[in-house]
There are 2 protein chains.
Amino acid sequence: MRRDIFQAIADPTRRGIITLIAVQAMTPNAIAEHFDMTRQAISKHLRILTECDLVKQEQQGREIYYQLEIDKMKEVDKWMEQFRKIWETRFQQLDQLLSTIKKKK
Amino acid sequence: MRRDIFQAIADPTRRGIITLIAVQAMTPNAIAEHFDMTRQAISKHLRILTECDLVKQEQQGREIYYQLEIDKMKEVDKWMEQFRKIWETRFQQLDQLLSTIKKKK
DNA sequence: TTTTTGCGAAACCAAACAGTTGCACTTATA
DNA sequence: TATAAGTGCAACTGTTTGGTTTCGCAAAAA
């Protein structure tokens, strides 16, 4: 069972859940209202999100509030950094090229 | 067959391929040498990457060079932005809190 | 021309996945 | 206490995934 953050965000429903609870913690029932599937299906997604530490539970009586562990999202951001570097470098090169052309004029 | 970039980067092998060819275009055989699986398996991954426009082919005789379409990666970056905003806001709030405590001292 | 090389496509398979329904447990309420 | 509400877990199902092997085709080399 591969459980990493990249697999977690691969599913559109899970991305929806993540965006939803990023603003405020919610219960499974409240989350399920936003999707066209059963509460149990949402519950399964929440379990996957919990398994890779993207989501934290907080019991409150018989209700469980799910909250996004936003710091975990930084892992994706970190991986993206290498590509951001590349396209920034390319932009600088393009910029230099343009100013070289300008000077020649 | 839904093919989006999030599904493309979900697989560790595909992430490896992306990182590999980010530097320079490569042929399937050359790529496969870096992984412990058959060329055909790599080819399948390349097809998936091609299907979601993450990768571009360039035929050169009987060889096909695969090159990363780095701009496509910006889609992930764009999705990440909403979370980056949140954690930057939280950092600022923490920063303000700290300076308030400092002043009181 | 014949053979080798680089490649994609198809058929196949086991494992994982994303749903469902049904059930049991706990907490709040009548 | 009996019942309703909120939840997780297990069993089951159809589909997708990630790999394999086998094949055919086109380009390069013998």
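- Using a 4.0 Å cut-off between charged nitrogen and carboxylate oxygen, B/Asp11 and B/Lys44 do not count as a salt-bridge pair.
- Of the residues in residues 21-33 of chain A, A/Thr27, A/Pro28, A/Asn29 come within less than 4.0 Å of DNA chain D through at least one heavy atom, sorted by number.
- Two residues, A/His45 and B/Leu46, neighbour DNA chain C, and the one matched to the more 5' nucleotide by heavy-atom proximity is B/Leu46.
- Here A/Arg84 pairs with A/Asp77 in a salt bridge; the nearest charged N to carboxylate O distance falls below 4.0 Å.
- With hydrogens and angles disregarded, no donor-acceptor distance shorter than 3.5 Å links the side chain of B/Gln92 to the backbone of B/Leu94.
- Distance CG (A/Leu49) to P (C/dA18): 10 Å, rounded to an integer number of Å.
- Regarding B/Arg47, its CZ atom lies at a distance of 14 Å from the P atom of D/dT16, rounded to whole Å.
- Remark: side-chain polar atoms of A/Arg14 are paired, donor with acceptor, to backbone N or O of A/Gln7 under 3.5 angstrom.
- In terms of modelled atom types and a separation under 3.5 Å, the side chain of A/Gln59 and the main chain of A/Gly61 share a donor-acceptor contact.
- Across D/dT7, C/dA18, C/dC17, the shortest atom-to-atom separation from the side chain of A/Asp11 is found for C/dA18.
- A sub-4.0 Å separation between OP1 or OP2 of C/dC7 and a side-chain N or O of B/Ser43 is absent.
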Across nucleotides 20-30 of chain C, 5' to 3', mark each nucleotide with B, S or - according to how protein heavy atoms within less than 4.0 Å reach it. BBB----BS--
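- Between A/His45 atom NE2 and A/Ile17 atom CD1 the span is 6.0 Å, to the nearest 0.5 Å.
- The nearest whole Å value for the distance from the OH atom in A/Tyr65 to the P atom in D/dT7 is 8 Å.
- Rounded to whole Å, atom C1' of D/dT16 lies 9 Å from atom CD of B/Gln7.
- If you take CD of B/Gln57 and C1' of C/dG8, they are 9 Å apart, rounded to a whole angstrom.
- Distance A/Ile48 CD1 to D/dC9 P: 13 Å, rounded to the nearest Å.
- Using a 4.0 Å cut-off between a side-chain N of Lys or Arg and a carboxylate O of Asp or Glu, B/Asp71 and B/Lys74 qualify as a salt bridge.
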N/O donor-acceptor pairs under 3.5 Å from side chains in residues 20-41 of chain A, not counting sequence neighbours:
from: A/Thr27; atom 1: OG1; to: A/Ala30; atom 2: N; distance (Å): 3.3
from: A/His34; atom 1: ND1; to: A/Ala30; atom 2: O; distance (Å): 3.1
from: A/Thr38; atom 1: OG1; to: A/Ala41; atom 2: N; distance (Å): 3.4

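- Exactly one of B/Leu49, B/Ile70, B/Thr13 qualifies for a side-chain contact (heavy atoms from CB on, under 4.5 Å) with B/Ile18. That residue is B/Leu49.
- At least one side-chain nitrogen or oxygen of B/Arg3 sits closer than 4.0 Å to the OP1 or OP2 atom of D/dT17.
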